Amino acid sequence: MELKRPVRVRMAPSPTGDAHVGHARTALYNYLLARQNGGTFILRIDDTDTKRNTEEAEAGVYRGLRWLGLDWDEGPDKGGPHVPYRQSERLDIYHKYIQQLLDSGAAYECFCTTEELEAERRAQMAAKEDIKYSGKCRNLTEQERQALRAEGRKPTVRLRVSNKKVGFHDLVRGWIEADTSLMGDFIILKSDGMPVYNFATVVDDHLMQISQVTRGAEHISNTFPQILIYEALGFEVPQFAHFSLMLNEDRTKMSKRMGATFVGEYAEMGYLPEAMLNFLAFLGWSPGGDEDEILTLDDLLDKFSLENCTVSNAIFDIKKLDWINAKWIRRLELPDLAQRLVPFWKKEGFIGEDYDLEHLIKIARLIQERLPRLDAVRDFPYFFREPEVPVEEIQQLLKDKDAKAGFQAIIAAIRDLPWQEAELESAVRSVQSDLGWSNKELFMSLRLAVCGGKVSPPLFPVIEVVGRQRTLQRLERAIAQL
RNA sequence: GGCCCCAUAGUGAAGUGGUUAACACACCAGCCUUUCACGCUGGCGACGCGGGUUCGAAUCCCGCUGGGGUCACCA
């Protein structure tokens, strides 16, 4: 990519919800672009829709990006050379440029009411015409405007659009163009004095010296009116790049009802931020060839490029996320894993505020490669809780054997041993021949008694971690119930 | 419906006129093993359709079909 200007990229969410995974990916790509080029990553809050934005949602955006580890250089909370970074605080700036357009005649006031416009649209629809503003207020005289104003009408401001082709070279898609005759004179300032998204965005992107506007493909059609605004204002048009969209399994736009869409939800399910980033990076981009797919942020910094971005939409495949997440979990150092597991163990009620991290690390070692997600700790309750004795299963397994006597013998063999897996294993194996039990009978019945189920990590390491007292207790209890 | 974008296995994707069309996830089978998991080996499975261009098309062009986006005083 040839860059003529210093790289300044931005992510400009509207705070109408929590941080969406789509936001996260856009943020990631922008972040990579900035960091690769010694550029600047800006976070701007596009909150011109006063009816919908909330402070809580803005906090959600921060939380999500921080969790992912994508730090920005300029933003509402950080300041920067172009403060403020919240559009609702930049109104006077927009008004200045609106006035400039009004003065030059590039824009004009429109007094049509919502109802009138609605009626107009319906008529066009019925007549199967293109739906666009008729241009009714285009050539109002000063007197007419006064009269309309006297009626109490509050005007909007529209940009005068002449018929021509507008186009741009998209950094990931190549040349894209459209015909302005289809869009009509569009509103740039609402009657309540708020600028419309497309207008505020253009003014801010210009003032903040954004070099590449990189965003999701849903903005492609916004690019055309935006270019018209750039031109009307006499601003240099930045470069654009539009990423493919992330879709639900049914190929519709990613939505709440098809699964989690917010970054925070994935955090709660026990996905690692590293895995999320890794996964997101590959939705809409590929390094090419058959390279390793487990990449760190540094790897991504090294490999990412707009040229390798994909143009077709991609389905958010949670199975692949699970695989990447499991890989990442297996990569973690044990103390780190244990730390990250703590909130999940707490949530299950397995531990309280007081816990022995050393002991948790031992547990982490046993379950590490069995966790697709951190919240899977719930599948290993027997390190913390006394399991029910699965009487039936044990009896079935040992139907022609004397289970009680067997367990007695085992208890006797291990009771006073140094409590270590190797010792335990050899002791148990030494009673095996006396008992005449098969491997399966021996190990599985023990597992059933100690873990309460047929599935667990390797038996003796588990017994070691469960501890002498609790293990013996569980065996006694099994004997009592058999 | 208009405009715009897109189209390689179920999914993510490599591929830029000549390949047995990679690789990864998922799935299936086997191996390993005291269970599970990990790991390893193998397997299933794709160029949406129709026309061109060309000695030769997944690759270029056109049409169709399909999917998506967008058509607000939302962003």
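Here is the naming used below: chain letters follow the sequence lines, and residue numbers restart at 1 for every chain. From a predicted model like this one, the values you see are computed outputs, not experimental measurements.
Heavy atoms of A/Pro457 sit under 4.0 angstrom from at least one base atom. A/Thr114 comes within contact range of at least one nucleobase, with a heavy-atom separation under 4.0 Å. Heavy atoms of A/Gly216 sit nowhere under 4.0 angstrom from any nucleic acid atom. Residue-level contact check: A/Thr310 touches the backbone only, with heavy atoms under 4.0 Å from sugar-phosphate atoms and none from bases. Within the nucleic acid shown, A/Glu441 has no heavy atom closer than 4.0 Å to any nucleic acid atom. Looking at heavy-atom distances under 4.0 Å, A/Ser456 makes contact with a base. Residue contacts for A/Cys309: at a heavy-atom cut-off of 4.0 Å it reaches no nucleic acid atom on any strand shown. Nucleic acid contact for A/Lys319: sugar-phosphate only, since backbone atoms but no base atoms lie under 4.0 Å from a heavy atom of the residue. At a threshold of 4.0 angstrom between heavy atoms, the contacts of A/Lys253 are confined to the sugar-phosphate backbone, with no base atom among them. Heavy atoms of A/Lys165 sit nowhere under 4.0 angstrom from any nucleic acid atom. As judged by a 4.0 angstrom heavy-atom cut-off over every strand, A/Thr113 is placed among the base-contacting residues. The residue A/Asp292 sits apart from the nucleic acid: no heavy atom pair falls under 4.0 Å.
Comparing the P positions of B/A9 and B/G67 gives an interatomic distance of 16 Å, to the nearest angstrom. Here, B/A46 and B/A21 have their C1' atoms 9 Å apart, quoted to the whole Å. Between B/C64 and B/C6, the distance separating the two C1' atoms is 15 Å to the nearest Å. Separation of the C1' atoms belonging to B/C25 and B/G43 is 16 Å when rounded to the nearest angstrom.
In the interface, the side chain of A/Arg370 is paired with the base of B/C36 through a donor and an acceptor atom under 3.5 Å apart. Residue A/Thr156 places no side-chain atom within donor-acceptor reach of the base of B/C73, judged by atom type and a 3.5 Å distance cut-off alone. Taking only distance into account, the side chain of A/Asn198 never meets the base of B/A75 through a donor-acceptor pair shorter than 3.5 Å.
One finds no salt bridge joining A/Glu144 and A/Arg149 here, because no Lys/Arg side-chain nitrogen approaches an Asp/Glu carboxylate oxygen to under 4.0 Å. Between A/Lys132 and A/Glu120 no salt bridge is recorded (no basic side-chain N to carboxylate O distance below 4.0 Å). Taking 4.0 Å as the cut-off between side-chain N and carboxylate O, A/Glu116 and A/Arg153 count as a salt-bridged pair.
Distances shown here put every side-chain N or O of A/Arg121 at or beyond 4.0 Å from the OP1 or OP2 atom of B/G2. Close to B/A75, at under 4.0 Å from its OP1 or OP2, lies a side-chain N or O of A/Thr48. Contact check, A/Arg330 against B/G39: a side-chain N or O comes under 4.0 Å of OP1 or OP2. A close approach under 4.0 Å does occur between a side-chain nitrogen or oxygen of A/Lys327 and OP1 or OP2 of B/G39. Using a 4.0 Å cut-off, some side-chain N or O of A/Lys190 falls inside it from OP1 or OP2 of B/C74.
With B/C3, B/C6, B/A13 as the candidates, the nucleotide lying closest to the side chain of A/Ala178 is B/C3. Comparing B/A37, B/A24, B/C73 against the side chain of A/Glu369 picks out B/A37 as the nearest. When the nucleotides B/C73, B/A24, B/U35 are ranked by their closest atom to the side chain of A/Trp323, B/A24 comes out on top. With distances taken from any side-chain atom of A/Glu218 to the nucleotides B/U70, B/C25, B/U35, the minimum falls on B/U70. Side-chain proximity of A/Asp290 to the nucleotides B/A22, B/A75, B/U11 is greatest for B/A22.
In this structure, B/G63 and B/C49 make a Watson-Crick or G-U wobble pair, each of the two defining distances being under 3.5 angstrom. Shown here, B/G39 forms a base pair with B/C31; the pair counts as Watson-Crick or G-U wobble because both key distances fall under 3.5 Å. Searching all strands for a Watson-Crick or G-U wobble partner of B/U54 with both distances below 3.5 Å returns nothing. The partner of B/G1, taking Watson-Crick or G-U wobble pairs whose two distances both stay under 3.5 Å, is B/C71. Using N1 to N3 plus N6-O4 or O6-N4 for Watson-Crick, or N1-O2 and O6-N3 for G-U wobble, each under 3.5 Å, B/C25 pairs with B/G10.
Contact of the A/Leu341 side chain with the A/Leu360 side chain is not registered, since no non-hydrogen atoms from C-beta on lie closer than 4.5 Å.
Side-chain atoms of A/Gln87 and A/Asp46 form a donor-acceptor pair, as typed in the model, at a separation below 3.5 Å. Between the side chains of A/Asp185 and A/Tyr108, at least one donor N or O sits under 3.5 Å from an acceptor N or O. When only modelled atom types and interatomic distance are considered, A/Gln226 and A/Tyr230 share no side-chain donor-acceptor pair under 3.5 Å.
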Write down the protein N/O and nucleotide N/O pairs, taken from nucleotides 64-67 of chain B, whose separation is under 3.5 Å; answer none if there are no such pairs.
none

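For the ring-ring contact (aromatic ring centres under 6.0 Å, His included) test, residues two or more places apart in sequence or in another chain that qualify with A/Trp285 are A/Phe282, A/Phe304.
Taking a 6.0 Å sphere around CD of A/Glu388, one finds it holds 12 or fewer heavy atoms contributed by other residues, nucleotides or ligands.
Proximity of the aromatic rings of A/Trp72 and A/Tyr62 is defined here by a centroid distance below 6.0 angstrom, and this criterion is met.
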